[in-house]
Amino acid sequence: MARPRAAEAELKELVGRFERARRPLVVVGGEGWTTQSGRELIRWATERSVPVLADFRAYDAVPHDLDGSGAYAGSLGYGRSDHAARLLDDADLTVFLGAPRGDVLSDGYTRGLGSETVLVLPGDAPGHCGRIDQFIAAHAPSFVLDLVTAPAALRADVAWFRAARVAHTRFRTPAPAADPVADDAFVDLTAVMGMLRQELAPDAVITYGAGNHALWPARYLPHQAPASLIAPRNGAMGMGIPAAVAASLAFPGREVVSVAGDGCFLMNGQELATAVGHGAVFVALVVDNGCYATIREHQEDAYPGRPSGTQLTNPDFAAWARSYGAYGETVAATRDFRDAFRRARASGLPAVLHLIQDPAVRAPATVG
């Protein structure tokens, strides 16, 4: 695809907007981000106190923790934190790099509509809502390399910037299970994410489909390298396992982990056969709560006491995986997860860990 570059006059105009703003915000998204472009943007934004947010499921565009700190302040869209939404609302300049202000990003075209807006996109702006004060037809990751070398004397609100980073750190830090008894009875997915943060390599590839199960990895698993997230932006269920197969074959030297809901896994879990047949290696966490949780949640809200067609009768997913020649193990308590994960990883096979989750748990806490 063409990667147009911005004219010098366009860059100068944008720098002027940054210099006049007190609460500038950058939102990243789209395709083509590289290690260099992501790192350079975060370094530039950190030095100038500019928070950086990611569009929905574009979380790997920039490193989340660069040199132990950084400007990354979270993501927008489903599962976003309250503080990320407030940043979008309170910014006096919002620069969209590769991502228009679309439906999911803006909570249904309701947030961030009033701020001075700059779009940097390689073509036109499909799906953008609200004002556009400057449009730059450029490939956003390439444009970043021009921006970071341009002289700029910003006067951004340092306190606003620091508060954004603190709020994001609090939101994405897994808390221990509140009920030790429940922790023994089921697998606490929040605690599992905390263990994965300790176990996974920095460039590990994370995949998942659509559903409530995806809220946990999206919130708690950081991304430090580009092409480390494969997940649908259009609500398509069943993508996580085929994505894990593809990621393992495309990046044979990188660790791959897929988080799948039981309903999501049942749509394309048979791709384990492809994985075994072609030598793909990954660990799939199948979160078994016995229902289509996202749909069930909507039913509970709109029609209390009247669930319909959302209960699942699940197989033994671990035994099912073994029938393909993959590794399979059931994990029924949080305390057993870490050792099971290490066994699955050491097997050298595509692996399924069947995690038994409390059916009443729909999502991690959303405040913060």
Side-chain angles (χ1 to χ4, degrees), residues 3-8 10-19 21 23-77 80 84 87-88 91-101 105 112 115-122 134-158 160-162 164-165 168-169 172 202-203 222-229:
R3 296 190 172 190
R5 302 295 286 264
E8 185 176 347
E10 293 177 313
L11 180 61
K12 185 176 181 180
E13 180 182 345
L14 175 57
V15 169
R17 294 180 187 277
F18 269 117
E19 291 179 334
R23 297 185 305 279
L25 175 69
V26 169
V27 178
V28 297
E31 305 298 328
W33 290 87
T34 65
T35 298
Q36 182 186 12
S37 60
R39 285 177 173 268
E40 292 293 340
L41 176 61
I42 289 297
R43 287 197 178 101
W44 181 91
T46 302
E47 292 171 358
R48 290 160 180 79
S49 300
V50 180
V52 176
L53 295 176
D55 190 9
F56 178 61
R57 293 192 171 172
Y59 317 138
D60 58 345
V62 295
H64 295 190
D65 298 286
L66 184 61
D67 302 326
S69 61
Y72 184 73
S75 62
L76 296 165
R80 57 103 179 120
L87 285 175
L88 191 63
D92 57 7
L93 170 67
T94 307
V95 179
F96 292 91
L97 295 176
R101 185 166 44 221
L105 179 154
S115 69
E116 183 180 353
T117 300
V118 177
L119 290 184
V120 181
L121 296 169
Q134 182 182 3
F135 180 83
I136 301 174
H139 177 249
S142 301
F143 175 78
V144 164
L145 303 181
D146 295 328
L147 174 65
V148 299
T149 59
L154 275 65
R155 56 185 188 90
D157 186 337
V158 176
W160 187 67
F161 171 78
R162 291 175 177 169
R165 181 66 181 180
H168 171 60
T169 300
R172 63 91 178 253
D203 67 343
H223 293 270
Q224 312 299 356
S228 60
L229 171 65

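Keep in mind that what you see is a predicted model, and the values were worked out from it rather than measured.
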Asks: Any non-hydrogen side-chain atom of Pro63 less than 4.5 Å from a side-chain atom of His223?
Replies: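 Side-chain contact under 4.5 Å: no.
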
Asks: So, Asp92 side chain and Arg23 main chain: donor-acceptor pair closer than 3.5 Å or not?
Replies: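 At least one qualifying donor-acceptor pair exists.
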
Asks: His139 vs Phe143, test: side chain to side chain contact (heavy atoms under 4.5 Å, CB included). Steps then yes/no.
Replies: CA-CA 6 Å; His139 177 249; Phe143 175 78; over 6 Å; no

Asks: For residues Ile136 and Ala6, report the shortest heavy-atom separation together with the two atoms involved.
Replies: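 So the minimum-distance heavy-atom pair works out to CG2-CB, 3.6 Å.
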
Asks: Only counting residues at least two apart or in another chain, list the ones meeting side-chain contact (heavy atoms from CB on, under 4.5 Å) with Thr94.
Replies: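 By the side-chain contact (heavy atoms from CB on, under 4.5 Å) rule, Thr94 matches Leu25, Val27, Leu88, Ala91, Phe96, Ser115.
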
Asks: Could you check whether any side-chain N or O of Glu19 sits under 3.5 Å from a backbone N or O of Ala153, counting only pairs where one atom can act as donor and the other as acceptor?
Replies: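 The answer is yes, because a donor-acceptor pair under 3.5 Å joins these two groups.
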
Asks: For Phe18 and Val26, run side chain to side chain contact (heavy atoms under 4.5 Å, CB included): C-alpha distance rounded to whole Å, both residues' side-chain angles, the deciding distance at 0.1 Å, then the answer.
Replies: CA-CA 10 Å; Phe18 269 117; Val26 169; 4.0 Å; yes

Asks: For a side chain to side chain contact (heavy atoms under 4.5 Å, CB included) check, start with the C-alpha distance between Leu105 and Phe56, then their side-chain angles and the critical distance, and finish with the verdict.
Replies: CA-CA 6 Å; Leu105 179 154; Phe56 178 61; 5.9 Å; no

Asks: So how far is it from Leu41 CG to Leu97 CG, rounded to the nearest 0.5 Å?
Replies: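 Here the rounded value is 6.5 Å.
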
Asks: Is it true that Arg5 and Ser142 share a donor-acceptor pair across their side chains at a distance under 3.5 Å?
Replies: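 Side chains of Ser142 and Arg5: no pair found under 3.5 Å.
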
Asks: Suppose we screen for side-chain contact (heavy atoms from CB on, under 4.5 Å). Which residues come up paired with Ala58, at least two apart in sequence or across chains?
Replies: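 Partners of Ala58 under the side-chain contact (heavy atoms from CB on, under 4.5 Å) test: Asp55.
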
Asks: Distance-only, no hydrogens or angles: does the Glu10 side chain make a donor-acceptor pair with backbone N or O of Ala7 under 3.5 Å?
Replies: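 Between the backbone of Ala7 and the side chain of Glu10 there is a qualifying donor-acceptor contact (under 3.5 Å).
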
Asks: Check Tyr72 against Ile42 and note the closest heavy-atom contact, atom names and distance.
Replies: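 Result for this residue pair: N-CD1, 4.0 Å.
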
Asks: With the side chain counted from C-beta on, respond yes when Trp160 and Pro51 share a heavy-atom pair under 4.5 Å apart, and no when they do not.
Replies: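 Yes; the side chains approach each other to less than 4.5 Å.
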
Asks: Check the pair Asp203, Gln224 against side chain to side chain contact (heavy atoms under 4.5 Å, CB included), reporting the backbone distance first and the verdict last.
Replies: CA-CA 6 Å; Asp203 67 343; Gln224 312 299 356; over 6 Å; no

Asks: Please report the shortest heavy-atom distance between Ala71 and Ala45, naming the atom on each side.
Replies: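 Taking every non-hydrogen atom into account, CB-CB, 3.6 Å.
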
Asks: Which distance, rounded to the nearest 0.5 Å, do you find between the CZ of Arg39 and the CG of Leu66?
Replies: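 Here the rounded value is 5.5 Å.
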
Asks: If you define the side chain from C-beta out and look only at heavy atoms, does anything of Leu14 sit under 4.5 Å from Gln134?
Replies: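 Leu14 vs Gln134: side chains touch.
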
Asks: Shortest non-hydrogen contact from Val15 to Ala150?
Replies: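 The pair with the smallest heavy-atom distance is CG2-CB, 4.0 Å.
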
Asks: Flag the pair Asp65 and Arg165 as a salt bridge only when some basic side-chain nitrogen lies within less than 4.0 angstrom of an acidic carboxylate oxygen.
Replies: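 Salt bridge between Asp65 and Arg165, a charged N being under 4.0 Å from a carboxylate O: yes.
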
Asks: Rounded to the nearest 0.5 Å, what's the gap from CG on Leu147 to CG on Leu145? Could you check?
Replies: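 Between atom CG of Leu147 and atom CG of Leu145 there are 9.5 Å.
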
Asks: At their closest point, which heavy atom of Val50 faces which heavy atom of Pro24, and how far apart are they?
Replies: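 Taking Val50 first and Pro24 second, the nearest heavy atoms are CG1-O, 3.6 Å.
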
Asks: Where the side chain of Arg101 meets the backbone of Gly112, is there a donor-acceptor pair that is under 3.5 Å apart?
Replies: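 Answer holds: yes.
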
Asks: Measure up the His64 and His168 rings against each other and bin them: parallel (under 30°), tilted (30 to 60°), perpendicular (over 60°).
Replies: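 Ring orientation of His64 relative to His168: perpendicular.
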
Asks: Answer yes or no: is there an ion pair linking Arg17 with Glu13, defined by an N-O contact shorter than 4.0 Å?
Replies: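 A salt bridge is present here (some side-chain N lies under 4.0 Å from a carboxylate O).
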
Asks: How long is the gap from OG on Ser49 to CG on Asp157, to the nearest 0.5 Å?
Replies: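 Here the interatomic distance stands at 8.5 Å.
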
Asks: Verify the neighbour count for atom CZ of Arg155: are there more than 12 heavy atoms of other residues, nucleotides or ligands below 6.0 Å?
Replies: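 For Arg155, atom CZ is crowded (more than 12 foreign heavy atoms under 6.0 Å).
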
Asks: Only counting residues at least two apart or in another chain, list the ones meeting salt bridge (charged side-chain N to carboxylate O under 4.0 Å, His left out) with Glu31.
Replies: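 If we apply the salt bridge (charged side-chain N to carboxylate O under 4.0 Å, His left out) test to Glu31, skipping adjacent residues, there are no hits.
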
Asks: Please check: side-chain N/O of Asp60 versus main-chain N/O of Ser228, any donor-acceptor pairing under 3.5 Å?
Replies: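 Yes, the answer is positive, given that a donor and an acceptor are paired below the 3.5 Å cut-off.
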
Asks: Which heavy-atom pair separates Pro226 from Trp33 by the least distance, and what is that distance?
Replies: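 Looking at all heavy atoms of both residues, the shortest contact is CB-O, 3.4 Å.
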
